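Note that the structure is a prediction, hence the values are computed from the model and not measured. We number each residue from 1, following the sequence as shown.
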Amino acid sequence: MAVTTEEPQLRRADGGKLRMLVVDDEQTLTELVSMALRYEGWEVQAVNDGYSAVRVAREFDPDAVVLDMMLPDLNGLEVLAKLRETAPTLPVLFLTAKDAVEDRVAGLTAGGDDYVTKPFSLEEVVARLRGLVRRNAQHVAPARSQLVVGDLTLDEDSHEVSRAGVEISLTATEFELLRYLMRNPRRVLSKAQILDRVWSYDFGGQANVVELYISYLRKKIDAGREPMIHTMRGAGYVLKPAV
């Protein structure tokens with residue numbers, strides 16, 4: 001299952017999405033971790049070797065790094081040293097083998113900020129990253145519980161939704177779908193992206209469930225008002241303020 005959370009979304013100091021770099025040579029693991037982090041509303045880049053990690057980190061400017069100790073070229077400690085040359089305060093969460101106590105000690109001694117042992121839960125990785133980013137608070141904007149697009153407001157803490165001051169009652173799935181749309185205003189989101197974010201990677205359903213719930217939302221959000229949810233034929237859906 002994908003990770004769920006009721007915590008307010010963290011943001012970069014400029015208001016943009018947090019950026020996470022995931023580094024591990026196991027393709028399946030990087031895909032699962034990346035999926036969980038994207039579910040949080042964060043931007044994610046994933047690579048499978050140390051040299052790529054160093055290069056992408058310089059281009060991507062991540063807010064934190066998930067870094068495996070064992071990579072096919074450089075090891076985790078060597079990658080950490082190179083990352084810290086240009087980003088001395090960049091938070092790094094090490095992934096280590098369950099029985100590799102010496103790796104954990106070496107990683108923390110070398111300047112790593114935290115570690116989790118394999119196998120781990122995706123919830124734990126997300127929680128540790130949240131903690132690391134908060135500790136590195138100069139790069140993070142205060143958490144905001146309200147999302148506002150035009151006259152539409154969604155409170156992520158209380159789960160209250162209103163448009164032009166009129167309260168709107170949503171089911172849990174409708175709320176998650178609207179939250180995803182409102183976290184990405186004016187951005188066209190494909191059915192595949194929406195399925196991954198709202199129904200999780202192992203849902204196994206068809207894209208028509210997205211069409212169905214978009215129609216539910218339209219009846220509640222747009223009924224009798226200028227429409228905010230738009231279909232981009234062949235591309236997906238976009239939410240933007242009514243004209």
Q.
Is any side-chain heavy atom of Val66 closer than 4.5 Å to one of Val23?
A. no
Q: Report the residues that fulfil side-chain hydrogen bond (donor to acceptor under 3.5 Å, both in side chains) with Gln45, sequence neighbours left out, ordered by chain and then residue number.
A: none
Q) Is the closest basic N to carboxylate O distance between Glu40 and Arg183 below 4.0 Å? A) no
Q.
Check whether Ser190 reaches the backbone of Gln193 with its side chain - one donor and one acceptor, N or O, closer than 3.5 Å.
A. yes
Q. How far apart are the C-alpha atoms of Glu43 and Phe60, what are their side-chain angles, what is the distance that settles it, and do they pass the side chain to side chain contact (heavy atoms under 4.5 Å, CB included) test?
A. CA-CA 10 Å; Glu43 290 187 26; Phe60 185 51; 4.0 Å; yes
Q.
For the CG atom of Leu147 and the CG atom of Leu178, what is their distance to the nearest 0.5 Å?
A. 8.5 Å
Q.
With a 4.5 Å cut-off on side-chain heavy-atom distances among I, L, V, M, F, W and Y, is there a chain of contacts connecting Val238 to Met228?
A. no
Q. Do Arg19 and Val65 have side chains that get closer than 4.5 Å, going by heavy atoms?
A. no
Q. So do Trp42 and Lys17 actually touch side chain to side chain, heavy atoms under 4.5 Å?
A. no
Q) If only atom types and distance count, is the side chain of Thr30 paired as donor or acceptor with the main-chain N or O of Gln27 below 3.5 Å? A) yes
Q. By side-chain hydrogen bond (donor to acceptor under 3.5 Å, both in side chains), which residues pair with Arg187, not counting sequence neighbours?
A. Asn184
Q.
Donor-acceptor check, side chain of Arg84 to backbone of Leu90, threshold 3.5 angstrom: yes or no?
A. yes
(Q) Quick check: do Leu37 and Leu129 have side-chain heavy atoms less than 4.5 Å from each other? (A) yes
Q | Contacts of type side-chain contact (heavy atoms from CB on, under 4.5 Å), residue Ser169, not counting sequence neighbours | A | none
Q. Counting only heavy atoms not in Lys82, do more than 12 fall under 6.0 Å of its NZ?
A. no
Q) Between the main-chain N or O of Thr153 and the side-chain N or O of Arg163, is there a donor-acceptor pair closer than 3.5 Å? A) no
Q) Within a strict 4.5 Å, meaning less than it, do heavy atoms of the Arg58 and Glu85 side chains meet? A) yes
Q) From Leu93 CG over to Leu21 CG, what is the distance, rounded to the nearest 0.5 angstrom? A) 12.0 Å
**Q.** side chain to side chain contact (heavy atoms under 4.5 Å, CB included) between Val116 and Val125, intermediate numbers included
**A.** CA-CA 7 Å; Val116 293; Val125 171; 4.2 Å; yes
Q. Is there a chain of hydrophobic side chains (I, L, V, M, F, W, Y, each step under 4.5 Å between heavy atoms) that links Val44 to Leu122?
A. yes
**Q.** Atom pair CG (Leu170) and CD (Glu160), whose distance is rounded to the nearest 0.5 Å
**A.** 11.5 Å
Q. Under a 4.5 Å cut-off applied to non-hydrogen side-chain atoms, are Tyr216 and Leu212 in contact?
A. yes
**Q.** Worked verdict on Val149 versus Lys240 for side chain to side chain contact (heavy atoms under 4.5 Å, CB included)
**A.** CA-CA 7 Å; Val149 178; Lys240 53 188 178 181; 5.7 Å; no
Q) Could you state the interatomic distance from CG (Asp63) to CG (Leu18), rounded to the nearest 0.5 Å? A) 5.0 Å
Q. In Å and rounded to the nearest 0.5 Å, what is the OH to CG distance from Tyr180 to Leu189?
A. 4.5 Å
Q) Got a salt bridge between Asp151 and Arg225, using NZ or NE/NH1/NH2 to carboxylate O under 4.0 Å? A) no
Q. With sequence neighbours left out, what residues match Glu78 under side-chain hydrogen bond (donor to acceptor under 3.5 Å, both in side chains)?
A. none
(Q) Just to verify, which of Val188, Ile214, Leu217 counts as forming a side chain to side chain contact (heavy atoms under 4.5 Å, CB included) with Tyr237? (A) Ile214
Q | Heavy-atom donor-acceptor pair, Arg218 side chain to Ala223 backbone, under 3.5 Å | A | no
Q | Among Glu123, Arg128, Arg130, side chain to side chain contact (heavy atoms under 4.5 Å, CB included) partner for Val126 | A | Arg130
Q: Using a 4.5 Å cut-off on heavy atoms from C-beta on, say whether the side chain of Glu31 contacts that of Leu29.
A: no
Q. Can you name the nearest heavy-atom pair linking Ala46 to Ser34, along with the distance?
A. CB-OG, 3.6 Å
Q. Rounded to the nearest 0.5 Å, what separation is found between the OG atom of Ser215 and the CG atom of Asp222?
A. 11.5 Å
Q) Does the side chain to side chain contact (heavy atoms under 4.5 Å, CB included) test come out yes or no for Met69 and Leu77, once each step is laid out? A) CA-CA 7 Å; Met69 287 292 290; Leu77 299 182; 3.9 Å; yes
Q) If Ile, Leu, Val, Met, Phe, Trp and Tyr residues are connected whenever their side-chain heavy atoms lie under 4.5 Å apart, and connections chain through other members, are Val166 and Ile229 in the same group? A) no
Q: Using a 4.5 Å cut-off on heavy atoms from C-beta on, say whether the side chain of Val161 contacts that of Leu152.
A: yes
Q: Examine distances only and state if a side-chain atom of Asp49 and a backbone atom of Pro72 form a donor-acceptor pair shorter than 3.5 Å.
A: no
Q: Any salt bridge (Lys or Arg N to Asp or Glu O under 4.0 Å) involving residues 66-77? Give me the pairs, sequence neighbours left out, ordered by first then second residue.
A: Asp68-Lys118
Q.
Can you give me the closest heavy-atom contact between Phe120 and Leu95, atom names plus distance?
A. CE2-CD2, 3.8 Å
Q) Which pair of heavy atoms, one from Val56 and one from Val47, lies closest together, and at what distance? A) CG2-CG1, 3.7 Å
**Q.** Under the side-chain hydrogen bond (donor to acceptor under 3.5 Å, both in side chains) test, residues paired with Arg38 that sit two or more places apart
**A.** none
Q: Could you tell me whether a side-chain N or O of Asn208 sits under 3.5 Å from a main-chain N or O of Glu211, the two making a donor and an acceptor?
A: no
